[in-house]
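One structure is given below, encoded as structure tokens.
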Amino acid sequence: TKFLYAGGATSSGTVVVINKKALPRLTDKSQAPVVIGALAAVRSGMQILLWGREYLGWNTRLVMGYQSTQAMKLAILRGEIDMVSMADVRDIKEILDAGDFALLTQAGYLKNGRSERRAQFDTPVFTELLEERVKDAVAKNALNYTRNLMQVGQWLALPPDAPAALLPAYRAAFHAAYNDAEFQEKISGVFPGIVEIDGDAMRDVAQSLAQTSPEAIDYMNALMKKPQGTDGASGERKPEMTGRTPGGWAIVVAGAVLA
């Protein structure tokens, strides 16, 4: 990429929370799969779950279609699902405070080129769990793609033909604006856990993503198309429509689970 990056901001990382009662089933495929709740689209944080299934032997079933993070939070608290990934520290703490849940892993955030754990949650970054297991070069490239993709939030850059001499001033202005006390007060109420990414780190993330091989993208597509678990019980309400996504991803419609 030829953009001149002034800086960026993103979540300090998705955290995966699991019901403690479901932990024995997570790696025992002779038991019912652990049910994971998800939104309607495959978001970057959900890719942790694909890697866990492929390399850590997770026994899971993905149920997609929840309309909001709040809907997923309610679902895990009332036992409708066993596991969920989310980023808002307030939602995560509310689930943990219920007492029946544990941290499993987290996406982390990039700092000085390394994936760091969120200060509030002392649980391994998912790449820590995988680094000794992923050996194939294409798979490693795909894993790096996943890690960097989850770092992309909002960013500011100058166009490629902008004079490079302008960049230090823009970086200083971005840093000052991000750390302004009034801005921090407002953003923390809307998006707690947001972190600043400096211009060099943002450039490195963009360059790494741009260098992802077509084979690595194909590898990720293949992971997403793999069956994500067995059929489960339907909800009590009759669905208004039915459907199945490629690879066995389930859909929640009108309060029912469509396998």
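Every value quoted in this text rests on a predicted model; they were computed, and no experiment measured them. No hydrogens, no waters, no symmetry mates; every other heavy atom, side chains included, goes into these values.
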Residues [X] and [Y]: side-chain donor-acceptor under 3.5 angstrom:
{"X": "Thr146", "Y": "Trp51", "answer": "yes"}
{"X": "Asp91", "Y": "Gln70", "answer": "yes"}
{"X": "Asn141", "Y": "Thr212", "answer": "no"}

What pairs with [X] under side-chain contact (heavy atoms from CB on, under 4.5 Å), at least two apart in sequence or on another chain?
{"X": "Leu129", "value": "Leu56, Thr105, Pro124"}
{"X": "Pro163", "value": "Leu166"}
{"X": "Asp161", "value": "Pro159"}
{"X": "Leu74", "value": "Arg78"}

Report summary line: Sorted by chain and number, sequence neighbours left out, ring-ring contact (aromatic ring centres under 6.0 Å, His included) with Phe174 holds for none
Query - Heavy-atom closest contact (Phe3 atom, Leu158 atom, distance) - result: CD2-O, 3.5 Å
Report task. Indicate the atoms forming the closest heavy-atom contact of Pro33 with Thr60, along with that distance. Result -> CB-C, 3.8 Å
Return the set of residues passing salt bridge (charged side-chain N to carboxylate O under 4.0 Å, His left out) with [X] (not counting sequence neighbours), or none when no residue passes.
{"X": "Glu131", "result": "none"}
{"X": "Glu182", "result": "Lys186"}
{"X": "Asp218", "result": "none"}
{"X": "Asp204", "result": "none"}

Query - side chain to side chain donor-acceptor pair (under 3.5 Å) evaluation trace for Glu196 with Asn179 - result: CA-CA 9 Å; Glu196 180 183 10; Asn179 289 281; 3.2 Å; yes
Report task. Scan for ring-ring contact (aromatic ring centres under 6.0 Å, His included) pairs involving residues 126-168, sequence neighbours excluded, and state none if there are none. Result -> Tyr5-Trp155
Query raised in the report: Of all residues at least two apart in sequence or in a different chain, which pass the side chain to side chain donor-acceptor pair (under 3.5 Å) check with Asp136?
Result: none
Query raised in the report: Any side-chain heavy atom of Val16 within less than 4.5 Å of one from Gln106?
Result: no
Report summary line: So the salt bridge (charged side-chain N to carboxylate O under 4.0 Å, His left out) pairs with at least one residue in residues 14-31 (sequence neighbours excluded) are Arg25-Asp82
